[in-house]
Amino acid sequence: MMQAWKHATAVIALALVALAPLAAQAQGKDHYKVVLQVSDADPGTWNLALNNANNVLHDLGKGNVDIEIVAYGPGINMLKSDSKVAARLAQALDSSIGIEACENSMQRFKLQKSDMYSGIAYVPSGVVHIMKRQREGWQYIRP
């Protein structure tokens with residue numbers, strides 16, 4: 001009888017271990033992740049990306065979505081402290097929208113972190129960061 005109990009306990013434990021990923025997936029099925037790319041130094045493109053991010057946040061709810069905007073190439077210049085979209089950057093950061101600057105692009109454009117808008121994050125390579133995010137299941141948008 002004790003042997004049967006140990007066997008049943010082991011089977012139940014294995015079942016719980018096997019089902020744990022499915023339970024985690026079911027809990028997170030309404031949680032979204034989106035990464036937006038901005039590689040243009042155009043305020044209109046930046047405003048479009050920021051509008052897209054705000055719309056996603058509003059429609060899905062702050063607790064249901066992770067949003068990042070990754071800037072590289074000429075788009076990196078719009079993350080400078082004197083950016084024409086600085087007020088919008090502040091709003092995005094206040095709304096928990098992540099804003100990442102590509103350090104490769106910063107180097108190319110001879111920018112230092114002291115030149116950049118306060119509160120943004122940095123990634124070594126914007127393109128590689130987006131690729132990694134896509135591999136992790138993030139949705140990719142290029143406004």
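None of these values were measured; they are calculated from a predicted model.
Within the model, atoms CE of M116 and CD1 of I76 stand 4.5 Å from one another, a figure rounded to the nearest 0.5 Å. Remark: Q91 CD to L50 CG distance equals 8.5 Å, nearest 0.5 Å. Rounded to the nearest 0.5 angstrom, K80 NZ and M106 CE are separated by 11.0 Å. For the atom pair H129 NE2 and Q134 CD, the distance stands at 11.0 Å (nearest 0.5 Å). Interatomic distance, E136 CD to M131 CE, rounded to the nearest 0.5 Å: 12.0 Å.
Hydrophobic clustering places I99 together with I141 (ILVMFWY residues linked when any side-chain heavy atoms are closer than 4.5 Å, directly or through intermediates). Hydrophobic clustering, with ILVMFWY side chains joined whenever heavy atoms are under 4.5 angstrom apart, keeps L57 apart from L48. A chain of hydrophobic side-chain contacts below 4.5 Å, direct or via other Ile, Leu, Val, Met, Phe, Trp or Tyr residues, connects W46 to L111.
The only option from D115, I69, V38, I120 that meets the side-chain contact (heavy atoms from CB on, under 4.5 Å) definition with L79 turns out to be I120. Across N52, V85, D42, a single residue satisfies side-chain contact (heavy atoms from CB on, under 4.5 Å) together with N47, and that is V85. Y140 pairs with exactly one of V34, L36, I130, V70 by the side-chain contact (heavy atoms from CB on, under 4.5 Å) rule, that one being I130.
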Problem - Steps toward side chain to side chain contact (heavy atoms under 4.5 Å, CB included) verdict (S39, R142) - result: CA-CA 9 Å; S39 54; R142 181 169 191 239; 3.3 Å; yes
Problem - Trace of the side chain to side chain contact (heavy atoms under 4.5 Å, CB included) decision for D40 with M78 - result: CA-CA 8 Å; D40 299 334; M78 297 305 290; over 6 Å; no
Exercise for the section: Please step through side chain to side chain contact (heavy atoms under 4.5 Å, CB included) for the pair Y72 and Q37, ending with a clear verdict. Expected result: CA-CA 8 Å; Y72 65 86; Q37 168 203 324; 3.0 Å; yes
Problem - Test side chain to side chain contact (heavy atoms under 4.5 Å, CB included) applied to I97 and N54, step by step - result: CA-CA 8 Å; I97 295 171; N54 283 325; 3.6 Å; yes
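The shortest heavy-atom contact between N104 and S125 is ND2-CB, 3.5 Å. The two residues C102 and P124 have their closest heavy-atom pair at SG-O, 4.1 Å. Of all heavy-atom pairs spanning A86 and S81, the tightest one is CB-O, 4.3 Å. Closest approach of V35 to W138, counting heavy atoms only: N-CE3, 3.9 Å. Among all heavy-atom pairs drawn from S96 and K62, the shortest one is OG-CE, 3.3 Å.
Here the side chain of N64 pairs a donor or acceptor atom with the backbone of L60 at under 3.5 angstrom.
Counted within 6.0 Å of CD on Q139, heavy atoms from surrounding residues, nucleotides or ligands total 12 or fewer; the atom is thus considered open.
Using a cut-off of 4.0 Å between Lys/Arg side-chain N and Asp/Glu carboxylate O, E68 and R133 are scored as salt-bridged.
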